[in-house]
Amino acid sequence: MLDIIKKKFEEIYKTEPLLVRSPGRVNLIGEHTDYNEGFVLPAAVNKAIYFAISKRNDGMIKIYSKDFNEYFDGSVTNIQKSGKGWPNYLLGIVEQLTKNEFEISGFNCVFGGDIPIASGMSSSAAIEGGLIFALSELYNLKLEKINLVKMAQAAENQFVGVQCGIMDQFINIFGQSKKVLKLDCRSLDYELYPFERDDLRIVLCDTQVRRELAGSEYNVRRKQCESGVHLLKKIYPRINSLRDVTVDLLYAHKKEFDPLIYKRCEYVVKENDRVVQACSDLERNDFQSFGQKMLASHEGLKNDYEVSSTELDILVESARKINGVLGARMMGAGFGGCTINLVKEDALNNFIEEITPVFIKKLNVNPKIYVTKIEAGTSIQSSIKTNDKVSGKEVNLEKV
Ligand code: GLA
């Protein structure tokens, strides 16, 4: 894929590009907790978007999307929302850079990859994270990793208009090979847990239902959580987010809540607890127990947070009955996209055999099953000379 992107770039722009790989992500547990200042447990994976990019000096932005087979031309100084959709994830980044007074004088770009769009694997954060990382390298902006994350998230919040949390952009930049990352979305402290196991696989089942509802419903869920916090804050001024709330405290005030808001808040508070407990399971290598938390997470997302869908529920219900499946749940914002399954390696073939007819007979689609590997966050794949440094290739100095 990288070669195809590079060749296309050289064919169009007749110059050598900087090459960047920006991965999609899975989330083991901790869904809809990030914007409630809670915990999440994502990992970057072996599906990615690749960028080939070079500087321009005339203020122009020239982009070719391989996946859409479309071109986009714009200008750094006059950023307008595009009706095409996909350019907005990139333009939002340029807008963030100019807003924060980072000077760039234009760029040529070809990008494309193999993260299925709107599948819950966060192709949007991969586009945002990939471009801001690439531009920071190209223009030697010396942006710290955490600022890449924050600006990528701001691009999605302010320009694309989805009030997403910080999980996807964070794991896109900070992900590490063979490790899952427990992020405290309040302090932004994180811990890495080794997740390289020969006996387990993370398998995604793609409903292929694209999440049209997700954008608007996502923002509605955020508002519902905020209104729960608002109610409790009147009684306990120290409460600033659902992170500050326990199940007992919530229960003590159940009567004061609108029942729908209560359900939403209860899910978030319990899911936060589940992430913390799931991390203790990891420390004890107790994957049976970890899998149980994934199943409980799905129940909450389905019944209380109500962001699942018929297709997701069918895949989870079917998966949990298959031998060797430790856990299964919907992943990401919901309403479509993928389920994530924790499957024993020696049961993988059987899993694929048994879940395949579910796709065909119950979902009426061809099966799309991705056996993932945990890989590093956004990185340079090859280097051209940028401003005043050669970035990319690491030189290993041999000890003498
Ligand atoms: C989307 C958002 C994330 C997170 C998840 C749900 O992927 O981008 O910030 O809220 O949904 O957990």
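Note that ligands are numbered from 1 as they come in the structure, with each ligand's atoms numbered from 1 the same way.
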Amino acids in close contact with ligand 1, where any non-hydrogen atom sits under 4.0 angstrom away: Arg25, Glu31, His32, Asp34, Tyr35, Cys164, Gly165, Met167, Asp168, Tyr218, Gly332, Ala333
Please list, chain by chain and in numerical order, all residues satisfying ring pair (Phe, Tyr, Trp, His ring centres under 6.0 Å) with Tyr236, sequence neighbours excluded. His253
Transitively linked via ILVMFWY side-chain contacts under 4.5 Å: Met331 with Ile314? no
Go through the structure and list residues passing salt bridge (charged side-chain N to carboxylate O under 4.0 Å, His left out) with Glu354, not counting sequence neighbours. none
So, Arg197 versus Asn285: side-chain donor-acceptor pair below 3.5 Å or not? yes
Could you note down all residue pairs passing salt bridge (Lys or Arg N to Asp or Glu O under 4.0 Å) where residues 357-379 supplies at least one of them, sequence neighbours left out? Arg21-Glu375
Check: Asp281/Ser289 side-chain N/O donor and acceptor closer than 3.5 Å: yes
